[in-house]
Amino acid sequence: MSDQILQEWPSQQICVLRMNRPECYNALSQELVGAMRDIVKGLRDSSAKVLVLSATGPGFCAGADLKERKTLSNAEKYAHNRAINALANEIAALPIPTIAAINGVALGGGCELSLACDIRFASSSASIGLTEARIGAMPGAGGSQRLPRLIGASRALEMMYSGEPISAEKAAEWGLVNAVAEPDDFDELVMAFSYRLASRSRSTTSLLKKTVRQGIEVGLADALELERLAITEVLVSKDYAEGLAAFAERREPKFS
């Protein structure tokens, strides 16, 4: 495995992927993106119930490695962009909860990777933005589509047109991040929530994620039918039976 990415397992159910290029704010090199894609693909058949996307150093991710990209041919630039886009899509498609732990700057492709996650927590020192306009570019790894769906088109366009990042506080106000913590308390916030999610049923959580994601893309009547089909599956599951038994016996459930 590349030393540009660290894979940590605080428990058998929690995988922490830590981007490890602190000297360049974890800019997305071709090597880093390839290594991350290999790990993310492997998580589908692992014991993981939660993925935490994190980083070493003072920044979460500064986006594509522009110094590297400057040396690439046009075909290689496009391939690099498509690889970042594929990584974001693969994170979004994981059948487990995904958390972006934004400990510092999350710009361009770094912001787009966080948008692919289900939940985003930010350190109070973080700044977040789709900054491609600064160099005459536009988001190319899902940001132009995921950000408007999250915070509305007007605010998303403000961020993308200006290319200026926003503070963690404003990101929370706009619904871009779920919660903000001071740097000393940040890891505790992320891991406490991760352990809580890891205690839930993986099969039910996966079905819930699928139902919500698909439901957003269709009309309400069709979305409600997706929910009806999902709950029908849940009601006959082993984990639901275990949950009922645990409730009756006043103990914590032990999901399969």
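- With rounding to the nearest 0.5 Å, the separation of OG in S2 from CG in D38 is 10.0 Å.
- Considering all non-hydrogen atoms of both residues, L115 and G143 come closest at CD1-CA, 4.1 Å.
- A salt bridge is defined here as a Lys NZ or Arg NE, NH1 or NH2 lying under 4.0 Å from an Asp or Glu carboxylate O, and R155 with E158 fails to meet this definition.
- With hydrogens and angles left out, the side-chain atoms of N20 and T56 include a donor and acceptor closer than 3.5 Å.
- Atoms OG1 and NZ, from T204 and K209 in turn, are 15.0 Å apart once rounded to the nearest 0.5 Å.
- Within the model, atoms CZ of R200 and CD1 of I96 stand 16.0 Å from one another, a figure rounded to the nearest 0.5 Å.
- Closest of all the heavy-atom pairs between A92 and R146 is CB-NH2, 3.7 Å.
- D65 pairs with exactly one of Q30, K70, H80, R21 by the side chain to side chain donor-acceptor pair (under 3.5 Å) rule, that one being R21.
- Shown here for K77 and L72, the closest heavy-atom pair between the two residues is CE-O, 3.3 Å.
- Hydrophobic clustering, with ILVMFWY side chains joined whenever heavy atoms are under 4.5 angstrom apart, keeps L32 apart from Y78.
- The side-chain heavy atoms of M19 and M36, taken from C-beta on, include a pair separated by under 4.5 Å.
- Of all heavy-atom pairs spanning V177 and A122, the tightest one is CG1-CB, 4.1 Å.
- Hydrophobic clustering (ILVMFWY, side-chain heavy atoms < 4.5 Å, transitive): I102 and L189 are in distinct clusters.
- Side-chain contact check for V190 versus V16: every heavy-atom pair is 4.5 Å or farther apart.
- With hydrogens and angles ignored, the 3.5 Å screen pairs no side-chain donor or acceptor of T205 with any backbone N or O of R202.
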Dump the intermediate steps for side-chain contact (heavy atoms from CB on, under 4.5 Å) on I99 and R120, then the final yes or no. CA-CA 6 Å; I99 300 169; R120 285 155 296 282; over 6 Å; no
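- Around atom CD of Q214, more than 12 heavy atoms belonging to other residues, nucleotides or ligands sit under 6.0 Å away.
- Panel note: side chain T98, backbone D118; a donor-acceptor pair is recorded below 3.5 Å.
- Using a 4.0 Å cut-off between a side-chain N of Lys or Arg and a carboxylate O of Asp or Glu, E217 and R149 qualify as a salt bridge.
- The same ILVMFWY cluster, assembled from side-chain heavy atoms under 4.5 Å apart, contains both I14 and L197.
- Within the 4.5 Å cutoff, side-chain heavy atoms of L94 are placed close to those of R44.
- At a threshold of 4.5 Å between non-hydrogen side-chain atoms, the residues F193 and I119 count as touching.
- Residues I166 and L130 are members of one and the same hydrophobic cluster, defined by side-chain heavy-atom contacts under 4.5 angstrom among Ile, Leu, Val, Met, Phe, Trp and Tyr.
- Annotation: E164, atom CD; neighbour count of heavy atoms from other residues, nucleotides and ligands within 6.0 Å is above 12.
- The closest side-chain heavy-atom distance from E225 to D222 is not below 4.5 Å.
- The hydrophobic cluster containing V180 does not contain V52, counting ILVMFWY residues as joined when their side-chain heavy atoms lie under 4.5 angstrom apart, directly or transitively.
- Counting heavy-atom neighbours within 6.0 Å of Y25 OH, excluding the residue itself, gives a total of 12 or less.
- Checking C111, S114, S123 one by one against F60, the side chain to side chain contact (heavy atoms under 4.5 Å, CB included) holds for a single residue, S114.
- Contact of the V234 side chain with the I231 side chain is registered, since non-hydrogen atoms from C-beta on lie closer than 4.5 Å.
- For the residue pair S124 / E182, a side-chain donor-acceptor distance below 3.5 Å is found, with atom types taken as modelled.
- To the nearest 0.5 Å, atom CG of residue L235 and atom CG of residue L244 are 9.0 Å apart.
- A distance of 10.5 Å separates CD1 of I91 from CZ of R37, quoted to the nearest 0.5 Å.
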For the pair K170 and E173, evaluate salt bridge (Lys or Arg N to Asp or Glu O under 4.0 Å) and give the outcome as yes or no after the intermediate values. CA-CA 5 Å; K170 179 169 281 191; E173 178 186 335; over 6 Å; no
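- Remark: L113 CG to N26 CG distance equals 11.0 Å, nearest 0.5 Å.
- Within the 4.5 Å cutoff, no side-chain heavy atoms of P165 are placed close to those of V105.
- Of the possible donor and acceptor atoms, one in the side chain of E112 sits under 3.5 Å from a partner among the backbone N and O of A141.
- Nearest heavy atom pair, residue G163 against residue R134, reads O-NE, 3.1 Å.
- Listed by first and then second residue, the side chain to side chain donor-acceptor pair (under 3.5 Å) pairs that reach into residues 231-256 are S201-D239, S203-D239, D239-S256, E242-R251, E249-R251, sequence neighbours excluded.
- At least one side-chain heavy atom of W9 sits less than 4.5 Å from a side-chain heavy atom of S46.
- Salt-bridge formation is not detected for the pair E76/R69: no Lys NZ or Arg NE/NH1/NH2 atom is positioned less than 4.0 Å from an Asp or Glu carboxylate oxygen.
- Residues S29 and E68 share a closest heavy-atom pair of CA-OE1, 3.5 Å.
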